[in-house]
Amino acid sequence: MSRPLIGVLALQGDVREHTHALQACGVDVVPVRRRSELAAVDGLVIPGGESTTMDRLLKVFELYQPLRERIADGLPVYGSCAGMILLADRILDGVGGQATVGGLDVTVRRNAFGRQVDSFEEDLDAPLLGAGPMDEPLHAVFIRAPWVEAVGAGVEVLATVRSGPAAGRIVAVRQGVLMATAFHPEIGSDHRVHRAFIDLVRAHRRREHTRR
Ligand SMILES: NC(=O)CC[C@H](N)C(=O)O
């Protein structure tokens, strides 16, 4: 099978960092701004940035409907930070009228960690992201990050905050081929989260292939 082609939604945010991380994992990467580009990819990353800006641009570029259609059709998508907000079915503290693409049966609170800790770093345990008891913990960078306040029955929790006032808060989830983290694994050289997503994309492609 050919190498998977992963798109990075390139309306705003840290598109370049995700592109580099994915390329380092050995997949082909394209920026996605148009419906035709979206149609060609085997998986999509929605980067961190500002979800309210991306919401506006998704409307301008008329991408909401095609994105929702592809997700309903089983496209694997990974959202980081603002991308997590955009994948959530429900948001708290959104700016009036802010929409989401949806697909992930979770409630996400925007800017949940509050002002004093707008940005912070934490080591996380996340066995399903390659950070099990015998591995290096996942060093996670949070920048005005959301957290997941509630998850539906089909959602797997991949990581929670270990300590401090936000201890126990959910910061990484997966539901089928949809994955999201409140933090930014595209910063730095640890690509375990991207590799976990690429594994999802590969497994999904194999399933599709045998079905045809
Ligand atoms: N680093 C980020 O992606 C921050 C997310 C931002 N606070 C938002 O609401 O979109």
Side-chain angles (χ1 to χ4, degrees), residues 6-22 29 31-33 43-61 63-64 67-68 71 77-104 106-124 126 129 138-151 158-161 164-166 169-174 178-194 196-197:
I6 311 283
V8 179
L9 187 67
L11 302 178
Q12 189 262 339
D14 46 3
V15 175
R16 207 176 34 179
E17 291 81 353
H18 276 288
T19 302
H20 289 158
L22 290 163
V29 189
V32 168
R33 289 188 199 87
L44 181 74
V45 172
I46 306 181
E50 178 47 53
S51 60
T52 52
T53 307
M54 280 193 238
D55 168 49
R56 266 209 321 273
L57 293 172
L58 282 165
K59 286 169 184 153
V60 171
F61 283 71
L63 277 173
Y64 262 118
L67 251 172
R68 287 178 181 142
I71 289 176
V77 183
Y78 164 50
S80 109
C81 204
M84 172 189 255
I85 296 169
L86 281 162
L87 270 184
D89 281 345
R90 295 165 297 276
I91 47 176
L92 300 170
D93 296 339
V95 170
Q98 180 177 356
T100 70
V101 177
L104 256 186
V106 298
T107 305
V108 159
R109 184 177 294 280
R110 276 185 73 234
N111 301 337
F113 291 92
R115 277 205 152 269
Q116 279 121 324
V117 282
D118 270 350
S119 301
F120 66 102
E121 303 187 9
E122 269 261 335
D123 282 344
L124 303 174
L129 295 174
L138 204 59
H139 188 70
V141 179
F142 294 83
I143 304 166
R144 281 168 52 77
W147 67 43
V148 177
E149 193 127 329
V151 298
L158 301 180
T160 54
V161 175
R169 290 294 181 181
I170 300 168
V171 289
V173 290
R174 184 179 87 104
L178 302 180
M179 205 177 112
T181 64
F183 51 91
H184 290 268
E186 70 281 10
I187 297 171
S189 55
D190 182 345
H191 300 312
R192 282 177 284 182
V193 173
H194 289 87
F197 177 59

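None of the values given here were measured: they were computed from a predicted structure. Indexing begins at 1, ligand by ligand and atom by atom, following the structure's order.
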Is the closest side-chain heavy-atom distance between [X] and [Y] below 4.5 Å?
X: Val29; Y: His18; value: no
X: Ile91; Y: Asp93; value: no
X: Val106; Y: Met84; value: no

Notebook entry, point to check: So is there a nitrogen or oxygen of Arg110 less than 3.5 Å from a nitrogen or oxygen in ligand 1?
Noted result: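 Yes, Arg110 has an N/O under 3.5 Å of an N/O on ligand 1.
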Margin query: Pairs of nitrogen or oxygen atoms closer than 3.5 Å, one from Ile143 and one from ligand 1: do any exist?
Written below: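 Between Ile143 and ligand 1, an N or O pair is found under 3.5 Å apart.
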Could you list the atoms of ligand 1 found under 4.0 angstrom from a heavy atom of [X]?
X: Ile85; value: 8 (C), 9 (O), 10 (O)
X: Cys81; value: 1 (N), 2 (C), 3 (O), 4 (C), 5 (C)
X: Gly48; value: 3 (O)

Next item on the list: If the plane angle is over 60° it's perpendicular, under 30° parallel, otherwise tilted; pick one for Phe120 and Phe142.
Entry: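 Ring orientation of Phe120 relative to Phe142: parallel.
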Margin query: Ignoring hydrogens and geometry beyond distance, is a side-chain donor-acceptor pair present between Glu186 and His194 at under 3.5 Å?
Written below: no
Notebook entry, point to check: Can a donor-acceptor pair be found between the side chains of His139 and Asp190 at a distance below 3.5 Å?
Noted result: no
Next item on the list: Specify side chain, backbone, both or neither for His184, according to which of its non-hydrogen atoms lie closer than 4.0 Å to ligand 1.
Entry: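 Looking at His184 and ligand 1, just side chain atoms fall under 4.0 Å.
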Among all the protein's non-hydrogen atoms, which is closest to [atom], and how far away is it?
atom: atom 6 (C) of ligand 1; answer: Glu50 OE1, 3.5 Å
atom: atom 7 (N) of ligand 1; answer: Asn111 OD1, 2.5 Å
atom: atom 10 (O) of ligand 1; answer: Ser51 N, 2.4 Å

Next item on the list: Any chance you could measure Leu138, atom CG, to Asp123, atom CG, to the nearest 0.5 Å?
Entry: 8.5 Å
Next item on the list: May I ask which of Pro146, Ala145, Gly94, Gly49 has a heavy atom nearer to atom 5 (C) of ligand 1 than the others do?
Entry: Gly49
